[in-house]
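Worksheet: one structure, shown below.
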Amino acid sequence: MAFSHLSGETLSQWLAEQTEPAIVDIRDPDSFAAGHIPGSHRLDNSTVAGFVADTPADATVVVVCYHGHSSQQAAQWLVGQGFSEVYSLDGGFEQWRHQYPERTAAS
């Protein structure tokens with residue numbers, strides 16, 4: 001089993017329809033604080049064990065990074081942990097920020 005790619009358009013539609021995937025952002029703390037998708041959670045080495053333990057294996061998980069490259073590796077890792085519906089956001093947060101500035105929050 002492998003992860004799937006997800007377009008910003010599809011994620012935007014899911015959020016508009018009140019579909020609430022688990023959105024995890026693997027960027028560094030300062031980048032996340034400066035801007036992120038509302039409702040997303042920062043995932044790093046210190047939080048990943050809790051995420052894996054607390055999130056149902058059948059949850060829809062969307063992984064976000066800077067430009068959509070590193071998220072692919074993280075998404076594949078999550079599939080290896082037993083998650084069945086994992087997506088990597090194409091273009092990452094940078095593309096999301098340009099397409100949907102109104103759907104960007106800062107901490």
Side-chain angles (χ1 to χ4, degrees):
M1 175 158 251
F3 71 92
S4 298
H5 290 269
L6 184 71
S7 69
E9 293 82 10
T10 300
L11 179 57
S12 177
Q13 182 179 14
W14 286 357
L15 295 174
E17 294 170 351
Q18 302 300 314
T19 301
E20 297 188 22
I23 303 172
V24 294
D25 191 318
I26 62 170
R27 296 175 303 137
D28 70 87
D30 290 337
S31 296
F32 182 83
H36 55 270
I37 298 171
S40 63
H41 303 280
R42 209 174 89 61
L43 193 67
D44 62 17
N45 289 338
S46 67
T47 61
V48 70
F51 176 80
V52 170
D54 296 341
T55 305
D58 63 348
T60 300
V61 179
V62 177
V63 184
V64 179
C65 66
Y66 297 97
H67 301 288
H69 302 291
S70 297
S71 59
Q72 294 177 50
Q73 295 169 340
Q76 188 60 51
W77 186 85
L78 287 168
V79 168
Q81 301 309 300
F83 290 94
S84 59
E85 192 173 350
V86 182
Y87 298 89
S88 171
L89 182 63
D90 289 339
F93 180 75
E94 288 303 312
Q95 184 171 323
W96 177 269
R97 181 174 63 88
H98 288 293
Q99 286 184 298
Y100 304 101
E102 74 284 359
R103 289 192 168 171
T104 301
S107 298

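Across all their heavy atoms, P21 and T19 have their closest contact at CD-O, 3.1 Å. Between R27 and G35, the shortest heavy-atom contact is NH2-O, 2.5 Å. Heavy atoms only, all atoms of each residue included: P38 and A105 are closest at CG-CB, 3.9 Å.
Rounding to the nearest 0.5 Å places CD of E94 at 8.0 Å from OG of S31. Put simply, CG on D90 and CG on L6 are 7.0 Å apart, with the number rounded to the nearest 0.5 Å. With rounding to the nearest 0.5 Å, the separation of CG in L89 from OG1 in T10 is 9.5 Å. L43 CG to D25 CG: the interatomic distance, rounded to the nearest 0.5 Å, is 9.0 Å.
Side-chain contact check for R42 versus H36: every heavy-atom pair is 4.5 Å or farther apart. With a 4.5 Å cut-off on side-chain heavy atoms, S40 and V64 do not count as touching. In this structure the side chain of S71 never reaches within 4.5 angstrom of the side chain of Y87, judged on heavy atoms. By the 4.5 Å heavy-atom criterion applied to side chains, Y100 and Q95 are not counted as neighbours. Residues I23 and L11 have side chains in contact (heavy-atom distance under 4.5 Å, counting atoms from C-beta outward).
Among residues two or more places apart in sequence or in another chain, the side chain to side chain donor-acceptor pair (under 3.5 Å) test is passed with S107 by none. Evaluation of the side chain to side chain donor-acceptor pair (under 3.5 Å) rule for Q81 yields no partner, not counting sequence neighbours. Taking E17 as the reference, Q13 meet the side chain to side chain donor-acceptor pair (under 3.5 Å) condition, with sequence neighbours excluded. Under the rule for a side-chain contact (heavy atoms from CB on, under 4.5 Å), the partners of Q76 that lie at least two apart in sequence or sit in another chain are A2, F3, V79.
V63 and F32 fall into different hydrophobic clusters, where Ile, Leu, Val, Met, Phe, Trp and Tyr are joined by side-chain heavy atoms under 4.5 Å apart, directly or via other members.
Ring planes of H67 and H69: tilted class, angle from 30 to 60°.
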Practice prompt. Decide side chain to side chain contact (heavy atoms under 4.5 Å, CB included) for L15 and R103; before the verdict, give the C-alpha distance in whole Å, the side-chain angles of both, and the deciding distance to 0.1 Å.
Written response: CA-CA 10 Å; L15 295 174; R103 289 192 168 171; 4.2 Å; yes
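Under a 4.5 Å side-chain heavy-atom criterion applied to ILVMFWY residues, the cluster that includes Y66 comprises that residue alone.
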Under 3.5 Å, side-chain donor or acceptor atoms of residues 52-62 against the rest of the protein: list the pairs with distances, not counting sequence neighbours.
residue, atom, partner, partner atom, Å
T55, OG1, F51, O, 2.7
T60, OG1, E85, OE1, 3.2
T60, OG1, E85, OE2, 3.4

